[in-house]
Structures are given as structure tokens and as C-alpha cells.
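This chain uses plain numbering: 1 for the first residue, then up along the sequence. What you see is a predicted model, and the numbers here were worked out from it, not measured in a lab. Counting starts at 1 for both ligands and their atoms, following the listed order. Atom set for the values below is all heavy atoms of this structure, side chains included, hydrogens, waters and symmetry mates excluded.
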Amino acid sequence: MKNKVYIIDVTNRDGVQTSRILLPKLAKTMLNLYLDEMGVYQSEVGFPTLKHEMHYINANLDLAKAGGIRRLHLQGWCRALPEDVDLSFKNCPSLRHLNISVSTSDIMIQGKFQGRKSWKDVVESMYKSAKLAKHLGAVTIGLNAEDASRTNLDKLIEFALAGKEAGADRLRYCDTLGVDDPITIYERIKTLALATQFPIEMHCHNDLGMAEAVSLAGAQGAIESNVTSFINTTINGYGERAGNCDLVSTILALKFSNALQGKLPLDEHINLKTAWKIAKYASYAFNIPIPMNQPGVGANAFAHESGIHADGALKDRRSYELYDPEDVGRGEPELFETGRIITTGEYGGIKGFRHVYDKLGISFPSDNEARKILELVQYANLHTQKPLTDDELRFIANYPEIVQKILVVQP
Ligand SMILES: [Zn+2]
């Protein structure tokens with residue numbers, strides 16, 4: 001596992017917790033399916049301590065057991081408090097991967113805890129929580145040092161070593177405010193990795209527009225210190241305030257940046273060709289357009305008009321393009337019905353339902369079976385409140401019991 005960069009996508013936790021951003025549980029599940037298809041190592045699925053997340057998380061763990069999710073590690077997030085860890089495993093008993101989070105900087109410890117917690121209490125709470133998580137069945141534990149970039153390095157080393165002793169598996173270095181720059185983070189991560197020999201996750205925010213740059217520089221510091229590195233991303237960079245490190249841009253940088261290609265080997269399971277699909281779905285599900293100039297997946301990512309550029313690109317595309325549209329899964333014509341169309345959803349009936357599924361190549365053995373799936377489609381649409389996509393309809397037909405569980409939300 002050493003000396004490679006692994007992607008941990010946090011859209012379903014950091015992305016969805018963002019102000020004015022919403023995602024139905026069915027859409028969170030679709031993101032997990034697409035991330036798995038993309039070959040991403042891990043998805044931070046959400047909050048196992050939250051009652052309304054419980055059924056969705058358990059259903060996704062069932063989906064992994066049933067083979068619907070193949071490699072993607074499904075990981076929960078909670079505060080580094082023993083009571084949170086305990087509740088996480090009570091709510092989601094088959095959870096095997098957990099990240100526990102606590103603020104480590106003086107400014108946050110003083111500002112948040114107002115003297116109720118000292119540095120010693122923070123380390124102790126993390127230590128106890130990690131031990132408890134191991135005891136309750138966690139296979140991997142990540143220790144999130146919130147505001148790590150504004151935390152004294154000696155303290156971070158102490159934090160990581162204490163967690164290592166408690167049985168944790170890696171440290172998440174959170175540049176929570178996006179305050180680090182590439183050179184600083186590279187040096188800090190190098191010192192941290194050399195002192196602890198503990199795998200490191202980079203978790204960087206984009207407040208200064210450097211989220212991808214600092215994540216990659218940090219990962220380089222880890223790899224050069226012979227420590228496995230992970231980069232936290234979100235799809236289309238959706239996340240708190242100015243967002244997080246963008247998934248597709250990060251993969252593009254690892255694959256096509258001149259100097260990074262040799263230095264930072266990317267997890268070989270990653271299939272960039274699914275980028276277009278996942279970016280478009282996330283945009284649809286979140287109801288947030290993809291900026292025109294977004295790397296790889298923006299409308300203008302492969303567009304040329306000005307005289308010199310168009311002439312150059314026509315003669316040799318490599319004059320103005322680092323990679324091809326096909327590399328990110330673009331270029332296929334997308335067909336939309338422009339005439340009569342039959343859809344199925346919240347108020348649909350059996351005839352229309354059968355017509356839609358026939359077109360998807362899915363038939364049902366009995367009328368009873370078809371009506372059961374139709375009812376699920378109605379509820380799924382009630383839940384998402386926007387037209388169901390073909391992949392969502394396929395998923396509902398393939399895993400009806402799991403979908404039924406996802407749709408259960410009881411206050
Ligand atoms: Zn974050």
C-alpha cells in the first residue's frame with residue numbers, strides 16, 4: 001500500500017453538511033456507487049450518530065455485503081468522544097471504518113471549549129475514543145486533527161503518536177481554513193511523517209483557492225518520508241464556504257502534471273473515464289451547476305475559439321490540451337428526447353412504468369413484482385423531488401430491499 005496516493009472522497013459528509021446544500025439519501029447512495037465504479041479507495045458516507053443517516057448507512061453497508069459496492073471502504077465520521085463512538089456502533093453495528101475528529105489548534109481549543117478542555121483533555125478524549133472504536137469492531141480508524149494547519153507541529157506529533165498507540169491507522173491533517181500554502185504544508189507534512197511514520201490524509205479547504213495544490217504538496221511530503229498518503233476530495237469541490245479539494249482536478253493533476261506523474265503514483269484502481277458521469281450526476285443531484293471553466297468537466301474545458309488557439313488545436317491538439325475529452329469520459333453524444341416522452345415517478349401508473357423500464361431493458365417476472373417496484377419508484381421520487389435518472393431507476397429495480405431501507409426516515 002505504501003508510496004501511493006489514495007483518494008478518500010468526503011462529499012457525503014463535508015459536502016452535504018455545507019450551508020444551503022442538500023442531498024437525498026438515495027443520491028448519497030448513487031454517489032457511493034459512482035465512487036466505487038471510479039475506483040476511489042474510500043467514501044466518508046456521513047454521520048452514524050445521526051438518526052436520519054442511520055438507515056441509509058446501514059443500507060449501504062448491506063449493499064457492500066451484497067456485492068453492489070465492491071472495493072470502496074464505507075467510513076463514518078463522528079467527534080472524538082467515546083459517547084459518539086459508542087452511538088455510531090449502536091446505530092450502525094457493521095460499520096468497519098471510522099474517522100474521529102477533534103480540534104487541535106490553540107485558537108479552536110480556547111474558542112470552542114472556553115477553558116472546559118485543555119490540550120491534555122483533547123489528546124485523552126481522542127485516545128479513549130480510538131481505543132473504544134477498535135474494541136467495538138473498527139478495522140481502520142482515522143484521527144482528524146481539525147485545524148491542523150494552525151496547530152503547533154510538536155503537538156501534532158504528540159497527537160499522532162498517542163493515536164498510533166491507541167491502535168489508529170492514520171492522521172487526517174485538516175487545513176480546515178485553507179490557510180496553508182504548498183511549500184509550508186510540504187515541509188510540515190514531511191516533519192510530521194518522519195517523526196511519526198504514520199500514514200497521513202490531506203484534508204484541505206479552498207478559501208485561498210489552493211485546495212488541490214496544498215493537498216498534492218502535502219501528499220508529496222508524506223510519500224518522500226515513506227508514508228502512505230491519502231487525499232480527501234469532494235465531487236466538483238462542493239464543500240464548506242469556498243469548498244474542498246476537487247476530486248477530478250486532483251486526479252488530473254496526479255495523472256498529467258509534468259513533475260507530479262513520477263513523484264506521486266496514484267492508486268492504480270482509479271478510472272478517470274467515469275469523471276464526466278460522476279461530476280454531472282453530482283451537479284444534477286445537488287442542483288449546483290458545474291462552472292464553465294471547471295478542469296476536465298466544465299463546458300469550456302476543451303473549447304477553442306480565438307484565432308491562435310483554434311488554429312493550433314486543429315493542427316495538433318497537444319498544443320493547447322494536456323489531455324483528451326475521452327480521458328474524462330466525454331465525447332459520447334448524449335441523446336435527449338425532444339418529442340413525446342413517457343416518464344415514471346411519484347404519481348406514475350403501471351403502464352408508463354413498464355414502458356420506461358422496457359426502454360432500459362428491464363422486465364419484471366410478474367405483475368405483482370412490477371407493482372412492488374413501481375411503488376418504490378413513487379416513494380423514491382417523493383424522496384428526491386426531481387426526475388429519477390436511468391441509473392437511479394436501474395438501482396431501484398436491482399436492489400429493492402436496500403432502496404426500501406434507504407427511504408426509511410423516522411423522526
Ligand atoms: Zn472539511
Side-chain angles (χ1 to χ4, degrees), residues 5-23 28 31 35 40-50 53 73-81 84 88 97-105 107-109 111-112 122 126 141-151 156 159-160 170-182 184-185 188-189 192 199-219 222 229-250 282 286 288:
V5 180
Y6 294 86
I7 305 288
I8 295 179
D9 189 84
V10 299
T11 308
N12 276 334
R13 198 277 302 171
D14 221 355
V16 302
Q17 79 180 33
T18 305
S19 176
R20 297 186 271 201
I21 284 189
L22 294 162
L23 203 59
K28 291 184 85 175
L31 290 186
L35 288 167
V40 166
Y41 180 78
Q42 185 159 305
S43 168
E44 188 154 277
V45 293
F47 304 89
T49 50
L50 267 185
E53 290 268 84
H73 292 66
L74 304 173
Q75 165 247 316
W77 184 102
C78 72
R79 294 176 301 175
L81 294 172
D84 272 29
S88 294
H97 308 285
L98 187 67
N99 272 53
I100 56 175
S101 181
V102 65
S103 314
T104 53
S105 65
I107 184 169
M108 279 206 182
I109 292 174
K112 287 187 183 186
V122 164
M126 174 277 293
I141 301 167
L143 310 171
N144 298 11
E146 192 193 16
D147 206 17
S149 44
R150 294 192 297 176
T151 304
L156 273 184
F159 186 82
R170 52 183 175 256
L171 177 78
R172 177 178 291 182
Y173 180 101
C174 303
D175 184 17
T176 307
L177 272 76
V179 72
D180 263 341
D181 64 87
T184 303
I185 204 167
R188 281 172 64 84
I189 296 296
L192 194 53
I200 298 184
E201 288 181 31
M202 303 310 309
H203 180 97
C204 305
H205 280 265
N206 200 36
D207 298 69
L208 301 177
M210 294 192 284
E212 290 84 26
V214 289
S215 300
L216 292 157
S229 71
F230 300 80
I231 294 181
N232 288 185
T233 62
T234 62
I235 304 162
N236 300 335
Y238 300 146
E240 294 275 15
R241 305 178 312 277
N244 291 52
C245 175
D246 172 47
L247 171 71
V248 173
S249 311
T250 303
F286 275 116
I288 306 172

Discussion item. Using a strict cut-off of 2.8 Å, how many protein N/O/S atoms surround the Zn ion (ligand 1)?
Written reply: 3
Fill in: side-chain hydrogen bond (donor to acceptor under 3.5 Å, both in side chains), paired with N244, selected from D14, T234, T233, D9
D14
I'd like to know if the side chain of [X] reaches the main chain of [Y], judged simply by a donor and an acceptor atom lying under 3.5 Å from each other, with no hydrogens or angles considered.
X	Y	result
D175	C204	no
H205	L177	no
N232	V10	no

Fill in: Listed partners of T176 passing side chain to side chain contact (heavy atoms under 4.5 Å, CB included), at least two apart
M108, E146, D147, C174
Discussion item. Using the rule side-chain contact (heavy atoms from CB on, under 4.5 Å), only one of L156, T184, I200 pairs with I189; which is it?
Written reply: I200
